[in-house]
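Here the structure comes first, spelled out in structure tokens, and everything after it is commentary.
When a ligand or atom number is given, it counts from 1 through the structure's own listing order.
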Amino acid sequence: MSPIHQAPTASSYWLVGVDVGGTTVSTVLLDENLQSHGELTVATDLTSPDATMLGIVAAIEQTLALDDAPRKLAAIGLGIPGQQDQAQGIVRIAVNLHWYDYPLVERLVAHFGAPCVIENDVRVATLGVYRFDNPAGDQNLAYISIGTGLATGVILEGKLLRGRHGLAGEFGHIIVDPDGPLCNCGARGCLETLVSATAVVRRAREALAQGADGALAALHPLTARGVYDAAATGDAAAQQIVDDVGTELARSLRSVVLAYDVDSVVLGGGVTRAGDRYLQPIVAEWRRQQATSALARAVLRPEILRIADPTRNLGAWGAAALAAELLGE
Ligand SMILES: [Zn+2]
């Protein structure tokens, strides 16, 4: 596996990458050189587990129709939220999709007659970063997806970490404040309850309840991105939230760096599109730590932090790269 490009092969074929989310299904059609021939996004059909699967089948068929070149479908890769049994091709737990022990790969292979592979969506997006958003060709990187929750994917020496139960990198459920907010997992004060996009909105609601007004009060609807935009206008309450989240995240990213010794830490998810304004409080906390710690000066180098390319659907592209791996490419 090598980043970004592969040598051309004699035969030509299609790879389809699919990013399955609770709201949308996004796809990309790549050729054997991993060049794109089109992308599409459709709404996820959640009326039943089988309807969700048939919606994905239809999306893949529409994707193959984006280019009429006479190539055969070689493989399909899919990124799916939750816990996946890649060896058996079974979606173990995907709560938002209502899939429990769902034999997705068997169904897709029966329909398309091509090999299929599934993997956890954040891990697939991490592969997307490694293959397609990796200008320095880093062989060790961590990707942090920040949305309603927080999850991490890790590539070490060019290999995606999975772990015994496919849970490697579930940093979102590391407990950082035992007295903190209740998490969906049942524990208190997990990292994602403090720094996810959902947590930013909760912090904003708390600030409003305590009398904050100004730009924060003018946000309708109240979104995490809106809070970052309000901070950029100089709103003090919004800036406090941005600083608190950045400080907390900086401490946890320190743990990620120390655990895996990566070349780069890439942050993705809608809220990170605030760009430098998202990174700035994280860097500020790392610099505070550097002031008193030789270890921090050695490992917490701000230049290893960056925001993922927001223009590329890294989930779908990573899924196509996973399909390519299935072919031994
Ligand atoms: Zn949790």
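For the pair Arg273 and Tyr228, the cation-pi test (distance below 6.0 Å, angle within 45°) is failed.
In this structure, Leu314 CG and Tyr143 OH are separated by 6.0 Å, a value rounded to the nearest 0.5 Å.
Side-chain atoms of Thr44 and Thr23 form no donor-acceptor pair, as typed in the model, at a separation below 3.5 Å. Donor-acceptor pairing under 3.5 Å is recorded for the side chains of Glu285 and Gln289. Between the side chains of Thr47 and Asp45, at least one donor N or O lies within less than 3.5 Å of an accepting N or O.
Protein contacts to the Zn ion (ligand 1) involving N, O or S atoms at a distance below 2.8 Å are His173 ND1, Cys183 SG, Cys185 SG, Cys190 SG.
Between Val195 and the options Val245, Val271, Leu253, a side chain to side chain contact (heavy atoms under 4.5 Å, CB included) holds for only Val245.
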